[in-house]
Amino acid sequence: MPELPEVETYRRFIDELVVGQTIVAFEVKDAHVLATSEDLLRHAVVGSRVTGTRRLGKNCFLELSTGQVLVLHFGMTGDVGAYRDEHDAPRFTRVALHLDTGLRVAFVDPRKFGRIRLAESVEAYQKAKKIGPDALNITTEQLKAKLSHRKTLIKPLLLDQSITAGLGNWIVDEVLFQAKIHPERIANTLTDAEFEALHEAIQLVLTTAIKHEATYRHFPASFLIHAREWDDSATPGSDKHQFCPRHPDTGIDKNYVGGRATYTCPVCQPAAQ
DNA sequence: GCAAATGTTAGTCG
DNA sequence: TCGACTAACATTTG
């Protein structure tokens, strides 16, 4: 789940629950998700107050009263939850922050690709990890500057967090569909008009997804996402929602681009020459 | 039982 | 050293 809109939704959830609160315990149920040592994390976090939250791409930050930040990355299957009693802890809770109010905030991650770490600041982390501008803030000019000299496929470039941060697999498919650009187009063949369309589509898809709190089935019917098999309303193998929203007679193609499942409309997104 | 999965990154090869 | 590509990570779900 966690691409930019999900992470923004998690951030808002965390912001409401923990800003102003003091963390009284740092409970580790599975140290696999820790990218900073447990001792160091506990030392930084316990007794600190959370002064604010931030987000950059798919990373969520809790700003601590010590000046440091706790960085949450949710991997492929990360989520957040809140509970009060141990027996209500969500399944796959890996780490829990215990607040002075008695509430516990859970970092939930079945597949354990997510990570929790400590950083000196959001900016330091961004620099160290070479994370590009957030996809909601990048301008058409910046996008063009980073892509127009590249000789490789556009889709893997859009997934590269150092170019712009926050776009994941389904969002890139949706963006390319909305911008009517084939995912295997070579980046340096895009026209100015296509860069404009790309930028506009990024804004459209992200703001729409955040507005619906990343609940896919509430997205407009004009979105390609309804063709993805993991949409609740489309069972694998069925032909429900398998057609282009703009061309009811045209089936959506599924392919692999850069090793990732990729959905396209053959009419809207003509193949690269 | 088998296939697929929303992300990242280390390693390899030119 | 950089760019491009692939495999691997760990586990659940359909």
Side-chain angles (χ1 to χ4, degrees), chain A residues 1-10 29-36 55-60 71-80 90-95 107-117 119 125-126 128-132 134-135 146-177 183-188 205-206 208-210 212-217 219 223-238 240-241 254-263 272:
Chain A
M1 300 153 215
E3 302 189 29
L4 189 152
E6 288 93 337
V7 177
E8 176 61 18
T9 303
Y10 298 168
K29 292 170 182 283
D30 190 331
H32 195 275
V33 300
L34 303 183
T36 299
R55 182 193 56 73
L56 174 65
K58 302 171 194 172
N59 301 279
C60 180
V71 187
L72 307 182
H73 190 284
F74 297 95
M76 297 241 285
T77 56
D79 200 352
V80 289
R91 198 174 168 210
F92 310 123
T93 295
R94 305 305 185 189
V95 171
F107 181 85
V108 181
D109 187 10
R111 211 169 148 185
K112 298 197 271 194
F113 282 6
R115 291 294 179 266
I116 298 178
R117 50 169 52 88
Y125 180 73
Q126 175 167 21
K129 288 286 185 176
K130 301 188 169 57
I131 300 171
D134 190 84
K146 283 168 175 284
L147 296 178
S148 57
H149 64 102
R150 301 289 292 262
K151 297 179 185 149
T152 188
L153 310 181
I154 187 71
K155 173 165 174 171
L157 288 173
L158 291 174
L159 289 171
D160 183 341
Q161 303 297 295
S162 69
I163 290 174
T164 182
L167 305 183
N169 200 35
W170 81 255
I171 291 188
V172 168
D173 280 3
E174 190 69 57
V175 163
L176 290 171
F177 172 75
E184 292 177 297
R185 286 283 301 281
I186 303 299
N188 72 0
V205 174
L206 292 178
T208 302
I210 290 171
H212 294 283
E213 297 187 331
T215 305
Y216 311 123
R217 58 184 178 283
F219 289 4
F223 271 47
L224 181 72
I225 189 159
H226 302 292
R228 293 191 99 89
E229 287 172 2
W230 42 266
D231 184 325
D232 286 348
S233 56
T235 45
S238 88
K240 259 198 292 184
H241 298 298
K254 181 181 177 182
N255 281 298
Y256 285 85
V257 177
R260 319 294 302 194
T262 299
Y263 294 74

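Keep in mind it's a predicted model, so treat the numbers as computed, not measured. By convention in this document, chain letters (A, B, ...) are assigned in the order of the sequence lines, proteins followed by strands, and residues within each chain are numbered from 1.
- Counting only heavy atoms from C-beta on, A/Lys112 has its side chain closest to C/dT11 among C/dT11, B/dG7, C/dT12.
- When the side-chain nitrogen and oxygen atoms of A/Thr152 are compared with OP1 and OP2 of C/dC5, one or more of them lie within a distance under 4.0 Å.
- For the OP1/OP2 pair of B/dT8 and a distance below 4.0 Å, the side-chain nitrogens and oxygens of A/Lys58 include at least one atom meeting the criterion.
- Here C/dT12 presents its P atom at 19 Å from CZ of A/Phe74, a figure rounded to the nearest Å.
- For the atom pair CG of A/Leu153 and CD of A/Glu184, the computed distance is 6.0 Å after rounding to the nearest 0.5 Å.
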Worked check of salt bridge (Lys or Arg N to Asp or Glu O under 4.0 Å) between A/Arg260 and A/Asp173: CA-CA 10 Å; A/Arg260 319 294 302 194; A/Asp173 280 3; over 6 Å; no

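- To the nearest angstrom, P of B/dG7 lies 10 Å from CZ of A/Arg111.
- With ring centers used as reference points, A/Tyr263 lies 6.0 Å or more from A/Phe177.
- Contact annotation: A/His32 side-chain N/O to C/dA10 OP1/OP2 distance is under 4.0 Å.
- For B/dG7, the OP1/OP2 oxygens have no side-chain nitrogen or oxygen of A/Lys129 closer than 4.0 Å.
- Evaluation of atom-type donor-acceptor distances gives a pair under 3.5 Å for the side chain of A/Arg260 against the base of B/dG7.
- Taking only side-chain nitrogens and oxygens, A/Gln161 never comes nearer than 4.0 Å to OP1 or OP2 of B/dG7.
- Per the geometry, NE2 belonging to A/His149 stands 12 Å off C1' belonging to C/dC2, to the nearest Å.
- Side-chain nitrogen and oxygen atoms of A/Arg150 include at least one within less than 4.0 Å of the OP1 or OP2 phosphate oxygen of C/dA4.
- Atoms CZ (A/Arg117) and C1' (B/dT9) sit 11 Å apart, rounded to a whole Å.
- With P as the reference atom, B/dA3 and C/dA7 are 16 Å apart, rounded to whole Å.
- Note: CG (A/Leu157) to C1' (B/dT8) measures 16 Å, nearest angstrom.
- Between the side chains of A/Lys146 and A/Thr164, no donor N or O sits under 3.5 Å from an acceptor N or O.
- Neither side chain, A/Asn59 nor A/Lys129, offers a donor N or O lying under 3.5 Å from an acceptor on the other.
- Donor-acceptor pairing under 3.5 Å is recorded for the side chains of A/Asp109 and A/Thr77.
- Base-pairing analysis of DNA chain B finds the following stems of at least three consecutive Watson-Crick or G-U pairs, with both pairing distances under 3.5 Å: B:2-5 with C:11-14, B:7-14 with C:2-9.
- Atom pair A/Lys155:NZ and C/dC5:C1' shows a separation of 16 Å (rounding to whole Å applied).
- Rounded to whole Å, the distance from CG on A/Asp173 to P on B/dG7 is 10 Å.
- Within the 4.0 angstrom heavy-atom criterion, no nucleotide atom of any strand lies near A/Gly259.
- A/Phe113 qualifies as a stacking partner of the C/dC9 base, centre to centre under 5.5 Å and near-parallel within 30°.
- Under a 3.5 Å cut-off, the side chain of A/Thr93 and the backbone N or O of A/Pro90 do form a donor-acceptor pair.
- Note on ring orientation: taking the six-membered ring where Trp is involved, the planes of A/Phe219 and A/His212 are tilted (angle from 30° to 60°).
- Spacing between atom OH of A/Tyr263 and atom C1' of B/dA5 amounts to 10 Å, rounded to whole angstrom units.
- A/Tyr256 has a side-chain polar atom (N or O) that falls below the 4.0 Å cut-off from OP1 or OP2 of B/dA5.
- B/dT9 and C/dT12 are spaced 22 Å apart, taking the C1' atom of each and rounding to whole Å.
- Distances shorter than 4.0 Å separate some side-chain N or O of A/Arg91 from OP1 or OP2 on C/dT13.
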